[in-house]
Amino acid sequence: MNYLKRGFTSIVRQPIKSLILLGLIFILGNIIAGAISVQKAVKSTESIIRAKMTPVVTLEYDEEIGSVLQEQNPEFLRESLSVETIEKIGTLPYVKSFDYSVGTTFESRVLERSGRNLYGAAWFNAFAFQGVNDPDLIDLKEDKIKLISGRVFNEQEITNISYVALISQSVANINNISVGSKVDFEINLLYGDADGNSQLINFQHYEFEVIGIFEPVKQVRTGGYGYDDLSWMDDDMENKIYAPNKVLYEVNTARYNEYVNLTGMDFRELKEYTPLYILKDPMDMDRFIEDSVTLMPDYYKVINFAEDFNKVAAPLKSIQDITAIVLYIAIAATIIILGLLTTLFLRDRRHEMGIYLAMGERKIKIAMQIGLEVIIVAVIAITLSLLSGNILSRAVSENMLIDQIAAEQVQTEEFSWSKIELETRGYQFEISSDDIVQSYEVSLDLMTILLFYAVGIGTIWISALIPILYAIRLSPKRILM
């Protein structure tokens with residue numbers, strides 16, 4: 001009888017021992033299967049959440065580092081981000097599109113704002129202008145606004161001083177404005193004189209031609225940064241006006257110079273460009289940050305929603321760490337317990353092994369017989385534990401996730417003007433704890449099944465080494481004496 005038949009016969013003739021071995025592997029297999037399923041579910045959920053996250057990045061002056069540098073050197077003066085630096089970062093392979101803008105505020109005594117008038121004095125309305133360098137408008141390409149009528153900027157309007165603008169449909173309707181209309185804005189300077197009296201000076205008037213009318217895409221806003229009501233962000237977008245960077249840069253320069261003339265204060269002028277980068281893949285965020293920080297001054301930092309994602313996903317990380325520990329312990333326990341149990345069973349079969357050796361059977365075939373007996377039982381037990389382990393882990397891990405979320409009490413809001421600006425424009429990160437629970441699903445797919453069988457069979461083979469080594473060292477003369 002060859003070793004294959006002997007292996008099958010041995011399993012059938014020793015049903016109690018085979019069932020004990022089956023039960024042990026089944027229990028440990030449930031733990032291993034559950035841990036692998038949960039690990040896969042956590043990674044899948046994390047990928048789903050990351051995919052929902054708009055991979056948007058901006059750069060901001062780091063006040064904390066700037067303060068330290070100021071203390072170390074009182075003459076420290078920070079440099080604004082140069083266009084060259086912004087564009088160099090924009091050439092990184094992770095960037096899908098980017099733009100940079102300079103912002104300013106114009107007033108109007110004629111135009112009415114849409115919604116609430118939160119800005120400006122009683123005698124005028126204030127309108128925030130956003131500079132544009134990309135003539136195709138990055139907010140339009142990213143579906144944050146829709147072009148209702150007219151057109152976007154052309155290359156000539158961007159490179160030259162062209163007083164053209166895009167306004168929202170709400171502002172256009174309220175003020176009876178259409179494409180081609182000329183709209184008058186003004187700059188008013190408010191400053192205190194030597195006697196402590198405030199003075200308002202009407203500095204300059206500017207006339208813009210409306211070349212396009214847009215409508216902001218409505219965003220779902222759930223509150224944050226200490227605000228329960230974020231409708232003011234919608235108001236800001238309704239009253240936002242797009243214009244070429246060069247125009248706004250010129251206006252800001254004139255405004256700063258006039259302040260210097262009026263006040264006599266020789267303050268350092270800063271013409272800030274605010275960049276906006278849209279990445280190709282949310283998973284590229286860490287690599288983008290790593291590469292971009294080497295290209296910009298040390299006192300600038302990357303602003304994105306990755307930290308908010310990490311805080312929201314903290315309960316998932318906790319479960320992943322716990323299941324990883326359980327998986328390693330289960331594998332180690334399987335190797336030790338199964339190896340010792342099989343060796344113990346073999347001690348009762350020493351005479352059987354001695355007879356095989358006395359009859360001239362090679363030790364390698366006896367070792368293969370032992371391995372076959374263990375593997376056959378193990379495959380049956382692993383197959384049974386695959387489904388049951390998945391069901392048990394689903395129930396246990398979902399409860400763990402809910403408990404972890406309740407324990408973490410995750411707060412995702414970290415105050416940043418740049419983040420507020422991003423959220424106002426619609427580039428917000430809106431993933432709640434409920435979204436995590438809904439996205440979390442422990443299921444069986446081909447990769448999970450293959451991974452489980454690979455880990456399970458690999459563990460069983462390692463555990464079988466102990467009894468195999470025991471069998472190889474047997475001496476037929478000593479056994480049969």
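In what follows, residues are counted from 1 in the order of the sequence shown. All heavy atoms count here, side chains included; hydrogens, waters and symmetry mates do not. What you see is a predicted model, and the numbers here were worked out from it, not measured in a lab.
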So, the side chain of [X] versus the backbone of [Y]: is there a donor-acceptor pair under 3.5 Å, distance only?
X      : Y      : value
Arg113 : Phe127 : no
Lys280 : Pro55  : no
Glu71  : Val68  : no
Asn239 : Ser114 : yes
Glu157 : Val164 : no
Asn245 : Tyr100 : yes
Tyr273 : Ser80  : no
Asp99  : Asn133 : yes
Asn257 : Thr253 : yes

Within the 4.5 Å heavy-atom criterion, are [X] and [Y] side-chain neighbours or not?
X      : Y      : answer
Leu69  : Asp298 : no
Leu276 : Leu422 : yes
Phe185 : Leu111 : yes
Pro275 : Leu81  : yes
Leu295 : Asp291 : no
Leu166 : Leu147 : yes
Tyr453 : Thr383 : yes
Val302 : Leu59  : yes

What pair of heavy atoms forms the shortest contact from [X] to [Y], and how long is it?
X      : Y      : result
Met237 : Ile145 : CE-CG2, 3.8 Å
Asn304 : Val56  : CB-O, 3.5 Å
Gly131 : Ser101 : O-CB, 2.7 Å
Val171 : Glu238 : CG2-O, 3.3 Å
Pro135 : Ile158 : CB-CG1, 3.9 Å
Leu140 : Val152 : CD2-CG1, 3.7 Å

Using the rule given for side chain to side chain contact (heavy atoms under 4.5 Å, CB included), can you reason through Thr274 versus Val102, listing the C-alpha separation, both sets of side-chain angles and the distance that settles it, and then say yes or no? CA-CA 6 Å; Thr274 302; Val102 60; over 6 Å; no

Distance in Å, [X] [atom1] paired with [Y] [atom2], rounded so as to fall on 0.5 Å steps:
X      : Y      : atom1 : atom2 : result
Leu137 : Gln130 : CG    : CD    : 8.5 Å
Thr58  : Ile86  : OG1   : CD1   : 8.5 Å
Ile449 : Leu386 : CD1   : CG    : 5.5 Å
Ile31  : Ile36  : CD1   : CD1   : 12.0 Å
Ile32  : Ser385 : CD1   : OG    : 8.0 Å
Ile462 : Ile336 : CD1   : CD1   : 11.5 Å

So, using salt bridge (Lys or Arg N to Asp or Glu O under 4.0 Å) as the criterion, who are the partners of [X] when residues are at least two apart?
X      : result
Glu250 : none
Lys240 : Glu421
Arg287 : Asp284

Just to verify, what does [X] make a side chain to side chain contact (heavy atoms under 4.5 Å, CB included) with, not counting sequence neighbours?
X      : answer
Ser181 : Ile177, Ser178
Asn160 : Gln156, Ser162
Lys144 : Thr54, Asp139, Glu142, Gln219, Tyr427
Asp321 : Lys317

Is there a donor-acceptor contact under 3.5 Å linking the side chains of Thr104 and Tyr249? no

Should we count CG of Asn73 as having more than 12 external heavy atoms under 6.0 Å? yes

Between Glu64 and Lys301, does the side chain to side chain contact (heavy atoms under 4.5 Å, CB included) criterion hold? Intermediate values first, please. CA-CA 10 Å; Glu64 186 175 340; Lys301 60 183 178 180; over 6 Å; no

Derivation of the side chain to side chain contact (heavy atoms under 4.5 Å, CB included) call for Val183 and Ile241: CA-CA 12 Å; Val183 184; Ile241 298 175; over 6 Å; no

Would you tabulate the side-chain donor-acceptor contacts of residues 204-215 under 3.5 Å, counting partners in other chains and residues two or more places apart, or write 'none'?
{"residue": "His205", "atom": "ND1", "partner": "Asp184", "partner atom": "OD2", "Å": "3.2"}
{"residue": "His205", "atom": "NE2", "partner": "Asn202", "partner atom": "OD1", "Å": "2.9"}

Qualifying residues under ring pair (Phe, Tyr, Trp, His ring centres under 6.0 Å), relative to Tyr94, sequence neighbours excluded: none

Sorted by chain and number, sequence neighbours left out, ring pair (Phe, Tyr, Trp, His ring centres under 6.0 Å) with Phe98 holds for Tyr277

Inter- and intrachain pairs under side-chain hydrogen bond (donor to acceptor under 3.5 Å, both in side chains), touching residues 29-41, at least two apart: Asn30-Ser388, Ser37-Asn390, Gln39-Thr323, Lys40-Asp445

Name the atoms and distances for all side-chain donor-acceptor pairs under 3.5 Å in residues 327-334, with sequence neighbours left out.
{"residue": "Thr334", "atom": "OG1", "partner": "Ala330", "partner atom": "O", "Å": "2.7"}

